[in-house]
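The structure appears below as structure tokens.
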Amino acid sequence: MKNLQFLVILLLWTFTIQAQTVHLNYINQPLDKILLDLRDEYGIDLSFSNSQLSKYNITIDKDFPDVEKALEFLFLNTPFKIQKFGEVYLVKQREKPEDKFFLLSATIIDKNTGERLPYAHLMVNNSPLIANQDGGFSFKSKNDSLFQIKVSYLGFYICDTTLAASFNHKLELRPVIYKIEEIKVHSMPTTHKTGEATLPGVIRLNSFITNYLPGNGDQSVFNLLRLQPGILAAGEQSADLLIWGSYEGQSKLLFDGITLF
């Protein structure tokens, strides 16, 4: 009786070990087909995209203690990974590793007063940069944690230095001081001079220069006369100074004793 019980226990143990063992033997088979075989043979629930997994061919001849270990091994050299949600195995894209970079952040200030210097010009690792309105700037680098910086600002000495990646740097610029020689200012009396005319102005025009005068045809002489200050044509109105021999705001023009304007 005891021997029979022992044989039953041995058979159950052997069957359990065989049931847990997963054997995969495929030669250049698409990954989606292998997953379908595992689903049908072991009754597992899988969620994946056939179009994406069919691009990967697998060659394998290996035993695994369980289905989950087999699935993890199948996706080792692929951009996918297996993740279990409840009773469902979900095939999802692996997260891309974040690029490591070094960040420098600093503020440019006046060394004497501590006042921030907005819109300063910089060269960070030979890259041009302009600070913001508060005198701050930031710069990223993937290659090195040290930054070569040159800062220039009107009225200050150029700052040329090296900084390590950090968030709380303060670049202090020293103001440039120039000594200006003394300037003497002398006062001078103001003189007002008034010029008085004793003779009337003379304008001489003839028909030989009409081609050089503004206007067209025979009326060009008269058109030019009307351009002179104080000369008006008939019917025009004015409210300026009173000139002797004419109406208010007008000048009197005589031609051989004949009043033209």
Side-chain angles (χ1 to χ4, degrees), residues 1-106 122-130 132 136-150 161-169:
M1 186 65 180
K2 292 182 179 180
N3 293 334
L4 181 61
Q5 293 177 349
F6 176 76
L7 290 174
V8 171
I9 294 173
L10 181 61
L11 290 174
L12 292 174
W13 180 73
T14 304
F15 177 78
T16 303
I17 293 178
Q18 292 177 351
Q20 291 179 348
T21 302
V22 177
H23 179 70
L24 298 180
N25 185 9
Y26 294 94
I27 299 176
N28 199 27
Q29 291 294 320
L31 182 54
D32 62 325
K33 181 183 182 302
I34 299 176
L35 295 182
L36 292 176
D37 291 344
L38 289 175
R39 181 197 65 183
D40 297 338
E41 184 174 352
Y42 296 97
I44 60 176
D45 295 327
L46 290 167
S47 177
F48 59 90
S49 173
N50 294 77
S51 60
Q52 292 183 351
L53 299 187
S54 61
K55 302 175 183 178
Y56 300 91
N57 294 330
I58 303 295
T59 299
I60 187 172
D61 185 7
K62 188 175 179 65
D63 293 325
F64 300 94
D66 53 44
V67 176
E68 187 170 347
K69 296 296 183 182
L71 291 173
E72 291 177 355
F73 185 84
L74 289 174
F75 289 98
L76 283 179
N77 297 323
T78 67
F80 304 95
K81 68 177 182 178
I82 195 77
Q83 189 170 358
K84 190 174 183 181
F85 290 92
E87 298 298 326
V88 179
Y89 291 95
L90 176 64
V91 179
K92 57 186 301 186
Q93 195 87 17
R94 296 181 187 272
E95 294 83 2
K96 294 183 179 180
E98 295 183 359
D99 295 332
K100 185 178 180 181
F101 60 87
F102 302 96
L103 178 63
L104 171 70
S105 179
L122 306 99
M123 289 290 293
V124 183
N125 291 348
N126 295 324
S127 297
L129 192 67
I130 297 179
N132 59 23
F137 72 93
S138 59
F139 191 84
K140 292 181 180 179
S141 175
K142 295 182 180 180
N143 303 323
D144 196 356
S145 61
L146 295 178
F147 298 82
Q148 300 291 332
I149 300 177
K150 182 179 291 186
T161 184
T162 301
L163 295 178
S166 181
F167 299 94
N168 54 358
H169 285 293

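Heads up: numbering here begins at 1 and tracks the sequence. Just so you know, these numbers come straight off a predicted model, no measurement behind them.
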Quick one: does D61's side chain get under 4.5 Å of H23's, heavy atoms only?
yes
Please evaluate residues S166 and N168 with respect to the criterion side chain to side chain donor-acceptor pair (under 3.5 Å), reporting the C-alpha separation (whole Å), side-chain torsions for both, the decisive distance (0.1 Å), and the verdict.
CA-CA 6 Å; S166 181; N168 54 358; 2.9 Å; yes
Do the non-hydrogen side-chain atoms of L74 and L38 ever get within less than 4.5 Å of each other?
yes
Rounded to the nearest 0.5 Å, what's the gap from CG on N57 to OH on Y26? Could you check?
13.5 Å
Closest non-hydrogen atoms of D45 and E87, given as atom of the first, atom of the second and distance, are CB-O, 3.7 Å
Nearest 0.5 Å, what's the CG-CG distance between L36 and N50?
6.0 Å
What's the separation between atom CE in M123 and atom CZ in F147, rounded to the nearest 0.5 Å?
14.5 Å
A side-chain contact here means heavy atoms from C-beta on lying under 4.5 Å apart; do K62 and L24 qualify?
no
Under 6.0 Å from the CG atom of N126, do we count more than 12 heavy atoms belonging to anything else shown?
no
Rounded distance [0.5 Å steps], CZ in F137 versus CG in L104
5.0 Å
To the nearest 0.5 Å, what is the distance between CG (L76) and CD1 (I82)?
12.0 Å
How far does CG of N77 sit from CD1 of I58, to the nearest 0.5 angstrom?
7.5 Å
Heavy-atom count check: over 12 atoms from other residues, nucleotides or ligands less than 6.0 Å from K69 NZ?
no
Closest heavy-atom contact between K142 and F102?
O-CE1, 4.4 Å
Determine whether S138 and L103 make a side-chain contact, defined as any pair of heavy atoms from C-beta on separated by less than 4.5 Å.
yes
T59 to N28 - nearest heavy-atom pair and separation:
OG1-N, 2.8 Å
With the side chain counted from C-beta on, respond yes when F75 and L35 share a heavy-atom pair under 4.5 Å apart, and no when they do not.
yes
Side chain proximity check, F80 to K92, heavy atoms < 4.5 angstrom
no
Nearest atoms (heavy-atom pairs only) where S54 meets P30
O-CB, 4.2 Å
Side chain to side chain donor-acceptor pair (under 3.5 Å) partner of Q148, chosen from T161, N125, T162
T162
